[in-house]
Amino acid sequence: MGEVFIFDHPLMKHKLTLLRDKDTGPKEFRELTNELAMLMAYEVTRDIPLEEVEIETPLTSTKSPRIAGKKIGVVPILRAGLGMLDGILQLMPAARVGHVGLYRDPDTLEPVEYYCKLPPDTENRDLLVIDPMLATGGSATAAIDAVKSRGVRSLKFMCLVAAPEGIERVREDHEDIDIYTAAVDDHLDDHAYIVPGLGDAGDRLYGTK
Ligand SMILES: O=P(O)(O)OC[C@H]1O[C@H](OP(=O)(O)OP(=O)(O)O)[C@H](O)[C@@H]1O
Ligand SMILES: O=c1cc[nH]c(=O)[nH]1
Ligand SMILES: [Mg+2]
């Protein structure tokens with residue numbers, strides 16, 4: 001059974017407060033989203049496998065650990081997930097990047113898939129699906145379905161703000177997936193927006209509406 005990890009680091013909490021503030025504009029919102037994603041990815045990758053390799057320091061030869069196996073695959077859910085990508089790539093510049101294009105139909109609230117391109121050999125990589133918001137969980141579930149259907153070895157989901165309803169949905173549909181979030185909020189409103197939340201993440205990142 002997958003687990004739910006809720007981060008409680010003071011730096012993350014502070015940045016999330018700034019992100020939630022309605023007066024935070026797109027430039028600062030983008031910066032904070034990337035900073036939070038980088039801090040979270042640092043913890044999410046704590047179990048990456050290592051291998052010992054022989055190297056020469058200026059003084060001697062020694063064995064030292066380095067990351068083993070194929071590069072991790074990071075899969076943002078378009079469009080808001082892209083806002084987290086650069087922060088993660090700063091930490092792991094060699095990561096491979098896949099994209100799943102989904103939007104939530106405003107009337108039915110059902111996810112509509114319009115794009116999927118993943119790195120090769122997904123079945124031999126650790127994959128991390130990212131999206132700032134986990135609301136009803138429909139988009140995350142659909143993205144995980146899309147990735148799983150191509151074959152995966154290990155898959156984690158990382159978001160900034162989750163609603164209890166979204167966590168429950170993902171756990172029901174994908175009980176093997178670990179979920180990482182910086183916060184679990186109170187509830188969804190009548191339009192399935194997370195309360196207190198931070199509004200529409202895509203619109204705030206890109207200044208649309
Ligand atoms: O859990 P759910 O109820 O499915 O809602 C969450 C989804 O909604 C937002 O995307 P949106 O549909 O606004 O698309 P966008 O990223 O292109 O703005 C968000 O980035 C998630 O993908
Ligand atoms: O609160 C929400 C819910 C879905 N999508 C968002 O961007 N925000
Ligand atoms: Mg949006």
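These values consider heavy atoms only, across backbone and side chains, with no hydrogens, waters or symmetry-generated copies. Keep in mind that this is a model prediction, so the values were computed, not measured. Counting starts at 1 for both ligands and their atoms, in listed order.
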Taking only heavy atoms of [X], which atoms of ligand 2 are found under 4.0 Å from at least one of them?
| X | result |
| --- | --- |
| A201 | 6 (C), 7 (O) |
| I194 | 1 (O), 2 (C) |
| G199 | 1 (O), 2 (C), 6 (C), 7 (O), 8 (N) |

Option among M158, R204, M84 that satisfies the side-chain contact (heavy atoms from CB on, under 4.5 Å) test with P132: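 Of the listed options, the one satisfying the test is M84.
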Test side-chain contact (heavy atoms from CB on, under 4.5 Å) applied to E168 and E172, E165, R171, the passing residue: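 Of the listed residues E172, E165, R171, the side-chain contact (heavy atoms from CB on, under 4.5 Å) partner of E168 is E172.
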Selected option - heavy-atom contact closest to atom 7 (C) of ligand 1, from A162, S139, A140: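 Among A162, S139, A140, the closest heavy atom to atom 7 (C) of ligand 1 belongs to S139.
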Less than 4.5 Å apart, side chain to side chain, heavy atoms only: is that true for [X] and [Y]?
| X | Y | answer |
| --- | --- | --- |
| V195 | L188 | no |
| K156 | T45 | no |
| I144 | L155 | yes |
| L160 | F7 | no |

NZ or CZ of R104 within 45° of Y193 ring axis and under 6.0 Å: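 Judged by the rule (NZ or CZ under 6.0 Å from the ring centre, within 45° of its axis), R104 counts as positioned above Y193.
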Give yes if a backbone or side-chain nitrogen or oxygen of [X] is under 3.5 Å from a nitrogen or oxygen of ligand 1, and no if not.
| X | result |
| --- | --- |
| G137 | yes |
| I77 | no |
| Y103 | no |

Atom indices of ligand 1, in the order listed, that fall short of 4.0 Å to a heavy atom of A80: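 The atoms of ligand 1 under 4.0 Å from a heavy atom of A80 are 16 (O), 20 (O).
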Those atoms of ligand 1 less than 4.0 Å from some heavy atom in M133: 6 (C), 19 (C), 21 (C)
Under 3.5 Å: N/O of A135 near N/O of ligand 2: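 No, since none of the N or O atoms of A135 sits under 3.5 Å from an N or O of ligand 2.
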Part of A192 with heavy atoms under 4.0 Å of ligand 2, whether side chain, backbone, both or neither: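 The answer is the backbone.
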Test item, S139 contacting ligand 2 (heavy atom, 4.0 angstrom): no
Contact with ligand 2 for R204, non-hydrogen, under 4.0 angstrom: no
Sidechain N-carboxylate O distance under 4.0 Å for K27, E31: yes
Min heavy-atom dist D131 to ligand 1 below 4.0 Å: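 Yes; D131 lies near enough to ligand 1 that a heavy-atom distance drops under 4.0 Å.
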Donor on one side chain, acceptor on other, R79 and T208, under 3.5 Å: yes
